[in-house]
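To start, the structure under review is shown below, and the notes come after it.
Just follow the structure's listing: the first ligand is 1, and inside any ligand the first atom is 1.
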Amino acid sequence: MKVLIIGGVAGGATTAARLRRRDENATIILFERGEHISYANCGLPYYIGEIISERDNLFVATPELFRKRFKIDVRLKNKVVAVDAANKEVHVKNLDTGTEYTESYDKLVMSPGAEPVKPPIPGVNLPEIFTLRNVRDTDRIKTFVDEKDPKRAVIVGAGFIGLEMAENLHRRDVFVTIVEMAEQVMTPLDYEMAAGVHQHLKTKHVEFYLSDAVKAFTSADEGVRVTLNSGKELDADMVILSIGVRPESKLARDAGLDIGETGGIKVDSHLRTSNPDIFAVGDAIEFVNPIIDRPMLAYLAGPANKQGRICANNLVDGPKHEYTGTLGTAIAKVFDITVAATGVSEKTLKKEKIPHKVSITHAFSHAGYYPDAKPMTLKIQFDPENGKLYGAQIVGYIGVDKRIDLIAATIKRGGTVHDLTEIEHAYAPPFSSAKDPVNIAGFAAENVIQGMVDIVHWQQVSERDPEKDVVLDVRTQAEIELGMIDDAVHIPLDELRQRLDELPRDERIIVYCAAGLRGYLAARILMQHGFKQVVNLTGGYKTFEHATMKQSNEDIFEKMHLGQDDIVYSVDPARLQSAGQLVKVDASGLQCPGPIKRLGDRMKELKPGDTIEIKATDPGFRNDVKSWAGMTGNHLLELSDKKGTLIARVQKGSTSEQGFQAVRANKNGLSLVVFSDDFDKALAAFVLANGALSAGKAVNLFFTFWGLNIIKKQKGPRVRKDLMGRMFGAMMPKGSKDLSLSKMNMAGMGNRMMRDRMKAQNVDSLEDMIQSAIEGGANLIACQMSMDVMGVKAEELVDGVEIGGVASFMDHASRSDVNMFI
Ligand code: FAD
């Protein structure tokens, strides 16, 4: 048997390798128009972001391996230009030599994949506009980022690849703006689930425009100007077009094969096209959705690989092995969160007019009492009569992957919400809860089907009729102070039985709590006390709030000057072209406070409007110079980092003295110098810090000498250190969990007792306090000089800690009305 395969990546390479395992004698020729086969498309964004550091790691298998181990004739840079189905031949162009030749086949397999959509927008072919599909595209993008050091990128299209690129460019210190035509990112998700992603992106300082599209790209002095339909103009050094892909079905269409309504190559359940000697697999095929029986495309590596195996089996055994379709189960990391979906979304169910219900639940990744439990939101779609599962979506931090896989496996077997309630999972506190989030999703949905409670969505609450509906908030007083639904009546759950008379019996009561559980309990109380029309808001206030908040995040970089580092400066760009004299100062090699001192000394000699360009190699200078400029009333115009050399431009302010006075007059902050690494003192520092934050104060903690041990990562990375650094490192605590009590430590027993006691008293752990201080906006500054002396490296410190020197501290201290030394 002679088998030709078009396309040498996921579907094609898998078919070839499996075929060889099944048939040692088959002649197998693999045509790939690119320069590589069997590479990890899915890893490409992470190589650009330098999470995957070795380019070679992208190659799962090499042509040599395919030739030697599998006896497969791999023909790189050979493009199949036509298929002559009648004569069972393909016409191939050798892209190196330009020559064409013909190859005959007994069976042909097409796995040509999907191509990025490039709409005919004016300027779409400008050199700074990229698409990402293969290694070649990846090399182009990575080389551009490495060499051109872009500062601003516009990503057009917020699908999975667009968001992965947003994260990876952000990692490379590029300011990212996303433009998305739809009203939400990631279209496989329903709106309120995408809303969770929007809110997360905001915290990452990603700018994004929703419900807006690109009208034109024009070449600008530096990079590209992107004009949106709304008239908004965005300047960028580079653009990634990730507005979607479409099946590469032209070759098949030209060969007379049937093309489906989605544009994919039509195949039967044995993956045969309309010509029985031609098979097709991967992104290019259209297949029937196993849940709703409608044609679908799936641009996913898992299905392509599985189809390759089935296809090879059918090539050898004849049409015996059935492909049962895919649910389109997909997952993506979006900065700190994981977003996953499987099956059919609610919006598709609505479009297809399929009766359904949904349930949204919030749960924790593992037992709440075990450290680091992280929230996740699960949405499931199901048949209102029999509970058959249609689909699910999950947004969370950890453990999203295993939950989506459990649900996908249940759906794949035609399972119901009742099956979810019975899913047996491995449980110990670090991994899950006795009731796993998937069980809870099942319970909530089962309650709906069994008539224990009816639910409404956030949209229905937004569109409620105030004449007929009463909204009842059953959360606590403390919770409602942070926000509640307009016009809601507030009766805390624990007072509900005593206050039933306050509620009308002839109106519908929409009950809600934070996440849905207390709302359900309240609904049960009301229903059992004769209230006839009671519904619970699914997903509670959390989902409602996310979905009704502002979704987009526009103009966050506007009117700001972008430094050549990753910092945005609120500086009038006109000032950058100021007419004063420019004085260059070299402070390279000086340690803190040397560079600042030199800057201050030279500044005294200048007139307002003059600018100093100072070079320094002390890493703490990055923050020091910002602080010093703010403190002295001078203006930091620009700060760049060229491979470890910091170059700052600071302009003398006309009112620098008054500026300093004003700062002093307007003090409202807490500055702590944390010198000790005693557990109890660290605790005291963070109790004060969190307290001050909640009192609205600016909080700054300056960690120096032993205090640095508090803010070390528990499991720091391996870092290169000199002998003294290694010795200090070996002797010192490895992070907050290793600290000792200042008194009664008793070889660590005291610390453990203290932690137990804190837990019993519901006092947050030290680690939680550190985290909440960072999240609450406290500045944690590690003293550069102490770090050098103690051999502590930046990589060893917890995320969110800045490195600074005396000037940073002095700036903060001068703005604070409370200064303490711990
Ligand atoms: P491809 O892997 O695209 O291979 C098709 C090959 O055919 C190409 O190399 C092409 O050059 C070649 N070809 C086409 N026409 C011809 C011709 N006429 N002659 C010769 N050769 C030809 N999926 C996931 O499930 N998870 C992910 O995280 C994920 N991340 C991704 C990230 C990126 C950046 C990209 C681009 C894709 C990602 N995917 C992901 C999708 C996944 O890579 C695809 O679903 C999968 O590769 C499809 O396999 P395929 O064989 O159909 O097509």
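With distances taken over non-hydrogen atoms, the option nearest atom 25 (O) of ligand 1 out of Ala298, Ala301, Ala284, Ala114 is Ala301. Considering each of Asn41, Leu132, Ile37, the one bringing a non-hydrogen atom nearest atom 32 (C) of ligand 1 is Asn41.
For atom 39 (N) of ligand 1, the nearest protein heavy atom (residue, atom name, distance) is Cys42 SG, 3.8 Å. From the protein, the heavy atom lying nearest to atom 17 (C) of ligand 1 is Ile6 CG2, 3.6 Å. For atom 46 (C) of ligand 1, the closest non-hydrogen atom of the protein is Ala10 CB, 3.8 Å. With respect to atom 41 (C) of ligand 1, the closest heavy atom belonging to the protein is Tyr299 O, 3.8 Å. Of the protein's non-hydrogen atoms, Asp283 OD1, 2.7 Å is the one closest to atom 45 (O) of ligand 1. Remark: minimum distance from atom 20 (C) of ligand 1 to any protein heavy atom is reached at Arg33 N, 3.3 Å. Distance from atom 53 (O) of ligand 1 to its nearest protein heavy atom, with residue and atom name: Gly113 CA, 3.2 Å. Of the protein's non-hydrogen atoms, Val9 CB, 4.0 Å is the one closest to atom 1 (P) of ligand 1.
Separation of atoms CG (Asp190) and CD1 (Ile360) is listed at 8.0 Å; rounding is to 0.5 Å. Here the straight-line distance linking atom CD1 of Ile5 with atom CD1 of Ile72 works out to 6.5 Å at 0.5 Å rounding.
Asn94 and Glu100 share no side-chain donor-acceptor pair at under 3.5 Å. Residues Asn305 and Thr14 bring a donor and an acceptor atom of their side chains to less than 3.5 Å of each other.
Listed by number with element, the atoms of ligand 1 under 4.0 angstrom from any heavy atom of Gly282 are 52 (O). If you number the atoms of ligand 1 from 1 as listed, the ones under 4.0 Å from a heavy atom of Glu248 come out as 14 (C), 15 (N). Taking every non-hydrogen atom of Gly11 and a distance limit under 4.0 Å, the qualifying atoms of ligand 1 come out as 49 (O), 50 (P), 51 (O). Close approach of ligand 1 to Pro112 is summarised as follows: ligand atoms under 4.0 Å from at least one heavy atom of the residue are 5 (C), 7 (O), 14 (C), 15 (N). Counting atoms of ligand 1 from 1 in the listed order, those under 4.0 Å from a heavy atom of Leu251 are 18 (N). Residue Glu32 has at least one heavy-atom neighbour below 4.0 Å for each of these atoms of ligand 1: 6 (C), 7 (O), 8 (C), 9 (O), 10 (C), 11 (O), 12 (C), 20 (C), 21 (N).
Between Phe208 and His198, the ring planes are tilted. Angles from 30° to 60° get that label. Relative ring orientation between His205 and Phe175 is described as perpendicular, the plane-to-plane angle rising above 60° on a 0-90° scale split at 30° and 60°.
At a 3.5 angstrom cut-off on N or O pairs, Ser111 counts as close to ligand 1. Checked against a 3.5 angstrom limit, the closest N/O atoms of Arg133 and ligand 1 fall inside it. Checked by distance only, ligand 1 and Val80 come closer than 3.5 Å through their nitrogen or oxygen atoms.
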Please determine whether side chain to side chain contact (heavy atoms under 4.5 Å, CB included) holds for the pair Lys93 and Val80, giving the CA-CA distance in whole Å, both sets of side-chain angles, and the decisive distance to 0.1 Å.
CA-CA 6 Å; Lys93 182 170 186 177; Val80 176; over 6 Å; no
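Under 4.0 Å from ligand 1, the heavy atoms of Ile161 that appear belong solely to its side chain.
Glu32 places a side-chain N or O within 3.5 Å of a backbone atom of Gly8 that can act as its donor or acceptor partner. Panel note: side chain Lys374, backbone His366; no donor-acceptor pair is recorded below 3.5 Å. At distances below 3.5 Å, not a single donor-acceptor pair connects side-chain atoms of Asn25 with backbone N or O atoms of Met1. A distance-only check finds no donor-acceptor pair linking the side chain of Glu128 to the backbone of Val224 [under 3.5 Å]. Distance alone, capped at 3.5 Å, is enough to place a donor-acceptor pair between the Arg172 side chain and the Ile48 backbone.
Ligand 1 lies within reach of Asn78, whose nearest heavy atom is under 4.0 Å from it.
Screening Arg33, Lys77, Arg75 against Asp96 for a salt bridge (charged side-chain N to carboxylate O under 4.0 Å, His left out) leaves a single residue, Lys77.
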